[in-house]
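Since the structure comes first, as structure tokens, the remarks are kept for the end.
A note on names: the letters A, B, ... follow the listed sequences, proteins ahead of strands, and every chain is numbered from 1.
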2 protein chains.
Amino acid sequence: MGGKRSAITNTVKAHRSDKGLSQAKLADAAGVTRQTIIAMEQGRYAPSLELAFRLAHVLETPIEELFQFEPEWE
Amino acid sequence: MGGKRSAITNTVKAHRSDKGLSQAKLADAAGVTRQTIIAMEQGRYAPSLELAFRLAHVLETPIEELFQFEPEWE
DNA sequence: ATGAAATGTAAAGTATACTTTACAATACTA
DNA sequence: TAGTATTGTAAAGTATACTTTACATTTCAT
């Protein structure tokens, strides 16, 4: 059963698929490792603001559309 | 002279002043400590994406307007 | 069906965001 | 000008984003 998830969800996987990018390609383009992309897509942790900006740029999608904040979190 | 700064700049201080909020009030509203606000306003580090969302909400300003990403960074 | 590409899991290490505490300096108001 | 609010500095500790390496599983083209 899933471990802790962050208060931030994302639609990176969907947008990545739309662009026909593999996790490795996206990681490269964003300047991070594949592990970072995997963990983020799985919601295991939220990206830094800097990575969020980079992903938004690569995926040509506004940050607010790529990431959703869930205020109601314990 | 000035230590390392992050690749992300922000206009939090200006927006905070516009709202007539002290660092302490903003910190409270965003659920962090005053030290975090100070360090962030001074550009000593970039906030997490979660904090960025919280500040954007409190200051009623889009993330992309509150924070600017500087890709050209060594 | 076989091989390769893509995705996933795991774990230990590093970097940095954030906290906590304490005190100093500056600005505002009576 | 005295007191108070606000901003600033410093340093040690905690939480977590991100890296690195290595290997397992699934997906896809041939």
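- For the OP1/OP2 pair of D:dT6 and a distance below 4.0 Å, the side-chain nitrogens and oxygens of B:Lys13 include no atom meeting the criterion.
- The distance from atom CD of B:Gln68 to atom CG of B:Asn10, rounded to the nearest 0.5 Å, is 7.0 Å.
- What you find for B:Ala56 and B:Ile63 is that their closest heavy atoms are CB-CG1, 3.8 Å.
- If you measure from atom CD1 of A:Ile8 to atom P of D:dA15, you get 20 Å, rounded to the nearest angstrom.
- Look at B:Arg16 and you'll find a side-chain N or O under 4.0 angstrom from OP1 or OP2 of D:dT7.
- At whole-Å resolution of the value, CD1 in A:Ile38 and P in D:dT21 are 16 Å apart.
- Across the protein-nucleic acid pair, B:Leu21 atom CG and D:dA5 atom C1' stand 15 Å apart, rounded to whole Å.
- The nucleotide whose nearest atom lies closest to any side-chain atom of B:Tyr45 is, among C:dT7, D:dT7, C:dC18, C:dC18.
- Atoms CG (A:Leu55) and C1' (D:dA17) sit 13 Å apart, rounded to a whole Å.
- Among the atoms of the strands shown, none is found under 4.0 Å from any heavy atom of B:Lys25.
- Residue B:Ala39 is classed as having no contact, given no heavy-atom separation below 4.0 Å to the nucleic acid.
- For D:dT9, the base has a donor-acceptor partner in the side chain of B:Gln35 [N/O atoms by modelled type, under 3.5 angstrom].
- Closest to the side chain of A:Val32, from the set D:dT6, D:dC18, C:dG8, is D:dC18.
- For the pair B:Arg34 and A:Met40, both in contact range of DNA chain D, the more 5′-proximal nearest nucleotide belongs to B:Arg34.
- Using a 4.0 Å heavy-atom criterion, one finds that A:Thr36 contacts the bases of the nucleic acid, with or without backbone contacts as well.
- Here B:Ser22 lies in heavy-atom contact (under 4.0 Å) with sugar-phosphate atoms only.
- Put simply, the side chain of A:Gln42 and the base of C:dT7 share no donor and acceptor less than 3.5 Å apart.
- Note that the CD atom of B:Gln42 and the NZ atom of B:Lys13 stand 8.0 Å from one another [nearest 0.5 Å].
- Rounded to whole Å, atom C1' of C:dT20 lies 16 Å from atom CD1 of B:Ile37.
- Applying the 4.0 Å criterion to OP1 and OP2 of D:dC18, one finds that A:Ser48 has a side-chain N or O inside that range.
- At whole-Å resolution of the value, CD in B:Glu50 and C1' in D:dT16 are 12 Å apart.
- Rounded to whole Å, the distance from CG on A:Leu51 to P on C:dT16 is 14 Å.
- Counting heavy atoms from C-beta on, the side chains of B:Leu59 and B:Asp18 never come closer than 4.5 Å.
- The minimum heavy-atom distance between B:Gln35 and B:Tyr45, with the atom names listed, is O-OH, 4.4 Å.
- Whole-Å rounding puts the B:Asp28 CG to C:dT20 C1' distance at 15 Å.
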